[in-house]
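One structure is given below, encoded as structure tokens.
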Number of protein chains: 2
Amino acid sequence: MHDHDSCIRAALSHAESHCAREGVQLTPVRRRVLEILLEEHRALGAYEILDRLRDEGLGGQPPVVYRALDFLIRAGLVHRIETLNAFAACAHAGEGHVPVFLICRQCRHVIETPAPAGGQLERAAEGAGFAIETTVREAEGLCADCRTAA
Amino acid sequence: MHDHDSCIRAALSHAESHCAREGVQLTPVRRRVLEILLEEHRALGAYEILDRLRDEGLGGQPPVVYRALDFLIRAGLVHRIETLNAFAACAHAGEGHVPVFLICRQCRHVIETPAPAGGQLERAAEGAGFAIETTVREAEGLCADCRTAA
DNA sequence: GGTGTTCTGTTATAATATAACTCATCCAGG
DNA sequence: CCTGGATGAGTTATATTATAACAGAACACC
Ligand SMILES: [Zn+2]
Ligand SMILES: [Zn+2]
Ligand SMILES: [Zn+2]
Ligand SMILES: [Zn+2]
């Protein structure tokens with residue numbers, strides 16, 4: 001099993017030092033959005049996050065949460081999952097990785113696996129003279145638990 | 001340069017024989033959606049396609065175009081580009097490939113490159129005991145033309 | 001001619017995302 | 001001090017993307 005409390009603390013402290021180093025602000029809204037994603041430990045839609053914020057009296061309109069997510073994504077602390085139109089806290093913040101996501105269509109869990117750069121996308125881009133800026137690598141299927149359950 | 005007329009004809013004839021083989025119908029709406037995507041030779045949003053259909057008196061409501069797109073995607077004739085929430089005719093229909101997309105953020109062109117199976121996604125999945133059903137591989141950046149222009 | 005199947009038409013609405021403007025705060029330069 | 005720029009939050013309204021739900025046409029099979 002996984003020590004979720006210490007995993008959250010580590011991620012938050014990484015976020016703090018990252019923001020301090022970059023000279024940007026981890027404001028209460030931004031910090032709370034990151035905490036929510038870390039606590040849930042799964043991908044949440046922007047409006048799910050917004051509902052949580054609203055319950056806590058912290059910014060009741062969509063732009064608030066979308067701006068916070070933009071910030072966290074630019075900082076590399078959160079990833080957007082294109083396949084789900086959802087967002088998840090990075091599970092390997094600060095490790096210099098390309099994110100690869102495995103999304104279970106049954107239990108909806110998202111596994112972020114660390115991967116080195118230099119896969120098919122990079123090779124394809126090189127062949128075409130294309131300069132990559134960001135990449136999306138996502139797979140949908142059945143996770144190990146759901147496979148054994150079935 | 002690229003002989004677009006013959007490329008469209010080839011793709012349509014592949015679509016016809018594929019549907020005949022599978023015993024499914026390439027109806028007028030479905031065929032026209034595929035033609036539009038082939039003619040444009042780029043990624044179109046569902047509502048852009050819908051506007052074109054409407055002009056031709058062929059199905060004026062969103063469900064019509066979304067249903068046609070579902071069909072064409074299931075048939076492997078069209079791909080959904082997750083990064084753009086858009087759709088593009090497959091440039092390698094019938095060649096048994098995993099789609100890899102290079103999306104230029106400047107000219108919005110989408111390059112579909114053929115790629116073999118067995119990249120990072122598959123390796124990551126194997127390590128996690130995850131059974132892949134579909135994959136998304138997309139990169140955003142600058143295409144060769146836009147790089148030389150800049 | 002009934003009966004199941006497939007496809008389309010239509011209305012309404014859900015879910016996701018952004019534009020545009022306002023206001024508060026902080027802080028460096030004068 | 002006080003002021004002008006920068007940053008971030010609040011708010012209203014709206015744009016964009018996608019689906020639910022149900023009705024009717026067309027056809028195929030028995
Ligand atoms: Zn990550
Ligand atoms: Zn699962
Ligand atoms: Zn393809
Ligand atoms: Zn370009």
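Here is the naming used below: chain letters follow the sequence lines, and residue numbers restart at 1 for every chain. Keep in mind the model is a prediction, meaning the values are calculated, not measured.
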Atom-to-atom span, CG of B:Leu69 to P of C:dC7 - whole angstrom: 15 Å

Pairs under 3.5 angstrom, nitrogen or oxygen only, protein versus nucleotides 8-15 of chain C, please.
| residue | atom | partner | partner atom | Å |
| --- | --- | --- | --- | --- |
| C:dT8 | OP1 | B:Thr27 | OG1 | 2.5 |
| C:dG9 | N7 | B:Arg67 | NH2 | 2.8 |
| C:dG9 | O6 | B:Arg67 | NH1 | 3.1 |

Would you call B:Glu35 and B:Arg31 a salt bridge, using N to O less than 4.0 angstrom? yes

Report the distance from atom CG of B:Leu26 to atom P of C:dC7, rounded to the nearest whole Å. 11 Å

May I ask you to decide whether B:Arg108 forms a salt bridge with B:Glu40, counting only side-chain N to carboxylate O separations under 4.0 Å? no

Going through the checks in order, is the side chain to side chain contact (heavy atoms under 4.5 Å, CB included) test met by A:Val78 and A:Cys90? CA-CA 5 Å; A:Val78 163; A:Cys90 175; over 6 Å; no

A:Arg74 with A:Glu22: basic N within carboxylate O range, under 4.0 Å: no

Ionic contact status for A:Arg123 with A:Glu126, cut-off 4.0 Å: no

Non-hydrogen side-chain atoms of B:Val110 and B:Arg42 separated by less than 4.5 Å: no

Euclidean distance, atom OH of residue A:Tyr66 to atom C1' of C:dA20 [Å, nearest integer]: 18 Å

Taking the nucleotide of DNA chain C with the closest heavy atom to each, which residue, A:Gly45 or B:Phe71, is nearer the 5' end? B:Phe71

Anything under 4.0 Å to a heavy atom of chain A counts; send over the first and last such nucleotide of DNA chain D, read 5' to 3'. D:dT7 to D:dT12

Can you tell me if B:Arg54 has over 12 outside heavy atoms packed within less than 6.0 Å of its CZ? yes

Can you tell whether the side chains of A:Glu138 and A:Arg80 come within less than 4.0 Å, N to carboxylate O? no

